[in-house]
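A quick note: this is a predicted structure, and the numbers were derived from the prediction, not measured. Proteins come first, then strands; the chains are lettered A, B, ... in the order of their sequence lines, and each starts at number 1.
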There are 2 protein chains.
Amino acid sequence: MERIVLMYIDELKFDDNGLIPAIVQDYKTKEILMMAYMNRESLEKSLETKETYFFSRSRQCLWHKGETSGNIQHIKSIKYDCDGDTILIEVEADGPACHTGNRSCFYRSILDLSEDENKSILDNLYRRIE
Amino acid sequence: MERIVLMYIDELKFDDNGLIPAIVQDYKTKEILMMAYMNRESLEKSLETKETYFFSRSRQCLWHKGETSGNIQHIKSIKYDCDGDTILIEVEADGPACHTGNRSCFYRSILDLSEDENKSILDNLYRRIE
């Protein structure tokens, strides 16, 4: 691997389990697809292949996203934050990120004020029409 | 707090330290602004005030984003992922998310193929013009 890239990896802060959270975002729509964890090996493998590799905390092994489902994530960019303890990966995905078949793993809401806003805009429109 | 919201919080998986990672995204541009951690108290406070509260791991206390800088994040939506172990918050921010003054904490790249792509598109254009 190129020396400059290895230098970047050395700047990252992996936690006590050797992991760093990686946010995966669709590089075109900017939708957040999922969040998973990487260890140094999976990050190096991702940089090498330009496809996402994570470390599965439940199975305690390297996990090539899409290996069984076919929904490979092709990496467009990898950024890291000011603290160096989180990674952001932009991808072009061959299919849904979520095992439920949803494009994104974030398909459930606790709170949605944007909908309320849209609803109130619609309500206002209806009132004007009436 | 409403019963239905408390039910949602009960579905979330806080880690051994009582924390859950929260990704913060600009609700208009979809840019990822930062990632921080919430405990149950900070999530409840966020839901109550519609402003982001986190748990500072370094200072071990509740942290109201923007309290000192003025860069309050107004919550538009809160989603959670299929595993219930990550939160995604869409906000309208009064100012930069990062303490460095950058709009986003993710201002450094390890890899950027999108730039290469744009560069090669430009290179092709130049070649055609020549």
Legend entry - Top contributor to chain B interface from A:C98, A:G84, A:C82, A:S77 [non-hydrogen pairs under 4.5 Å]: A:C82
Legend entry - Rounded distance (nearest 0.5 Å) linking atom CG of B:L113 with atom CD1 of A:I75: 8.5 Å
Legend entry - Lys/Arg N to Asp/Glu carboxylate O, B:R57 vs A:D85, below 4.0 Å: yes
Inset, instruction - Working to the nearest 0.5 Å, report the span between NZ of B:K79 and CG of A:D112. - result: 6.5 Å
Legend entry - Same apolar cluster: B:F55 and B:F14, side chain cutoff 4.5 Å: no
Inset, instruction - Heavy-atom distances under 4.5 Å only: say whether A:N102 touches chain B with side chain, backbone, both or neither. - result: neither
Inset, instruction - Mind ranking A:R108, A:K30, A:H99 by heavy-atom pairs under 4.5 Å with chain B and telling me who comes out on top? - result: A:R108
Legend entry - Which atom of B:Y80 lies closest to which atom of A:I110, heavy atoms considered: CD2-CG1, 3.6 Å
Inset, instruction - Tell me, for A:L12 versus chain B, whether the close heavy atoms (under 4.5 Å) come from the side chain, the backbone, both or neither. - result: side chain
Legend entry - Shortest non-hydrogen contact between B:L88 and A:F106, atoms and distance: CB-CD2, 3.6 Å
Inset, instruction - Count the heavy atoms of every other residue, nucleotide or ligand shown that sit under 6.0 Å from NZ of A:K13, and state whether that count exceeds 12. - result: yes
Inset, instruction - Answer with yes or no whether the hydrophobic clustering places A:M38 together with A:L33; edges join I, L, V, M, F, W, Y residues whose side-chain heavy atoms lie under 4.5 Å apart. - result: yes
Legend entry - Cluster check B:V91, B:I72: I/L/V/M/F/W/Y, side chain < 4.5 angstrom: no
Legend entry - Those residues that, when tested against B:E31, pass side chain to side chain donor-acceptor pair (under 3.5 Å) (two or more places apart): B:R103
Legend entry - Interface residues of residues 15-25 of chain B facing chain A - non-hydrogen atoms under 4.5 Å apart: B:P21, B:I23, B:Q25
Legend entry - Hydrophobic cluster membership, B:I78 vs B:Y53, 4.5 Å side-chain cutoff: no
Legend entry - Cluster check A:L111, B:F54: I/L/V/M/F/W/Y, side chain < 4.5 angstrom: yes
